[in-house]
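Everything on this sheet refers to the single structure shown next.
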Amino acid sequence: MPPPLKKQNIEISLPSQVGYERVAMASAESYAKMLGLAPERIEDLKTIVAEAAINAMQHGNKERPDARVTVSMMVKDNAIQVTVMDQGEGFKGFLPDPNIERIVNEQDPPVGFGTFLIRQLADQVEIDKTADGANFVRMTIKL
Amino acid sequence: MQDVNEIKLETRDSVTIMDIQGDVTAFSEPFLNDAYQSANSQGTGKILLKFDSNAYINSGGIAVLIQVLAQTQKNNQVIGITGISEHFKKIFHMVGITKFAKIYDSLEDALQQMA
């Protein structure tokens with residue numbers, strides 16, 4: 001089970017429709033500003049929240065209208081910890097880093113940028129399952 | 001919920017400016033492709049992508065931009081980028097877009113250096 005919510009924690013439930021990640025981005029921005037995160041790191045946080053939410057909508061929930069994406073944010077060990085959970089198959093693992101030369105030469109498909117950016121911008125990333133089988137990605141940005 | 005882009009084409013000093021209004025996501029693909037094809041049909045050799053300074057660009061939009069880069073490479077065109085925030089300059093550098101397109105701080109700077 002995910003940890004119980006504390007007073008200062010945030011939890012947002014999103015439809016599995018690309019575009020709604022903007023709601024999570026706006027919430028993450030407000031939360032991070034309240035916590036005093038540096039402006040350039042707020043932009044990093046918004047990007048990783050957006051990309052994890054898009055992954056959960058598209059690949060985890062397959063954009064099923066009955067499936068939700070849950071984004072929760074908390075402060076732990078002097079860092080903002082964001083957990084994005086889907087109700088589908090979830091992340092099966094990160095794709096290899098995209099190779100732009102191969103993509104431009106049409107040797108590789110143009111995929112893998114979202115997980116690449118999450119790995120590059122977050123201080124820590126973890127993919128796991130809850131005890132009841134839900135998949136989640138947990139990302140940390142230090143305050 | 002689909003994004004819609006308005007893209008204006010303008011040629012200045014032998015550079016075709018693609019002025020991209022709005023966020024750049026996977027939904028931008030037809031708008032960017034149509035604009036690029038229009039620019040290409042004019043026989044341009046230099047293309048400048050001008051973005052909204054507050055545009056949201058996600059991984060889907062990056063993939064679309066790289067597909068445009070691929071077409072410019074095939075057609076031996078020089079491509080530049082301007083208007084993006086410091087955050088997206090960093091992102092474009094991370095994913096390698098800057099190996100194929102130079103980022104300019106301003107439209108004037110881009111036109112001066114690309115012309």
Side-chain angles (χ1 to χ4, degrees), chain A residues 14-26 28-29 32 37-59 63 65 94-122, chain B residues 1-5 22-33 36 47 49 51-79 81 84-103:
Chain A
L14 301 171
S16 292
Q17 189 178 341
V18 174
Y20 281 97
E21 77 278 5
R22 289 175 171 93
V23 176
M25 291 171 71
E29 180 176 21
L37 188 67
E40 64 272 19
R41 294 298 278 156
I42 291 178
E43 294 305 312
D44 294 345
L45 176 70
K46 286 163 63 182
T47 291
I48 64 173
V49 166
E51 295 302 334
I54 290 170
N55 266 320
M57 292 165 183
Q58 289 187 317
H59 304 298
E63 300 191 72
F94 285 124
L95 293 169
D97 287 352
N99 179 323
I100 193 164
E101 283 90 355
R102 289 184 59 83
I103 294 170
V104 166
N105 291 324
E106 297 178 344
Q107 295 167 298
D108 283 349
V111 296
F113 295 107
T115 52
F116 172 74
L117 290 175
I118 290 171
R119 276 199 306 264
Q120 291 290 313
L121 298 173
Chain B
M1 187 188 292
Q2 292 204 351
D3 297 304
V4 174
N5 297 107
D23 295 338
V24 181
T25 69
F27 299 120
S28 303
E29 185 171 10
F31 303 99
L32 275 165
N33 274 334
Y36 172 73
I47 294 176
L49 304 179
F51 294 88
D52 273 348
S53 59
N54 56 355
Y56 159 54
I57 307 170
N58 66 19
S59 56
I62 288 170
V64 173
L65 289 174
I66 291 174
Q67 288 170 298
V68 172
L69 289 185
Q71 294 183 72
T72 62
Q73 291 293 301
K74 271 187 189 169
N75 294 319
N76 295 313
Q77 291 157 326
V78 174
I79 187 157
I81 291 170
I84 56 172
S85 66
E86 290 302 317
H87 176 66
F88 285 108
K89 283 182 189 172
K90 179 173 78 176
I91 297 283
F92 281 15
H93 182 71
M94 274 180 182
V95 301
I97 286 176
T98 48
K99 292 177 184 172
F100 298 93
K102 189 169 178 189
I103 298 177

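Throughout, protein chains are lettered first and strands after them, A, B, ... in sequence-line order, and every chain is numbered starting at 1.
Residues A:E43 and B:F88 form no side-chain contact, since every pair of their non-hydrogen atoms from C-beta on lies 4.5 Å or further apart. Put simply, the side chain of A:F113 does not reach to within 4.5 Å of the side chain of B:N58, judged on heavy atoms.
For A:D44, the side chain to side chain contact (heavy atoms under 4.5 Å, CB included) partners two or more places apart in sequence, or in a different chain, are A:R41, A:L121, A:I141, B:H87, B:K90.
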Verdict with supporting geometry, B:Q67 and A:V104, side chain to side chain contact (heavy atoms under 4.5 Å, CB included): CA-CA 7 Å; B:Q67 288 170 298; A:V104 166; over 6 Å; no

Step-by-step side chain to side chain contact (heavy atoms under 4.5 Å, CB included) determination, B:I62 to A:L117: CA-CA 11 Å; B:I62 288 170; A:L117 290 175; 4.0 Å; yes

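Taking all atoms of both residues into account, the shortest heavy-atom contact from B:I91 to A:T47 is CD1-CG2, 4.3 Å.
Among the candidates B:E86, B:K74, B:Q71, the residue making the largest number of heavy-atom pairs closer than 4.5 Å to chain A is B:K74. Per-residue heavy-atom pair counts under 4.5 Å with chain B were compared for A:E40, A:K46, A:E106, and the maximum is reached by A:E106.
If you take OG1 on B:T25 and CD on A:E21, they are separated by 8.0 Å, rounding to the nearest 0.5 Å.
The closest donor-acceptor contact from the side chain of A:E51 to the backbone of B:S59 lies under 3.5 Å.
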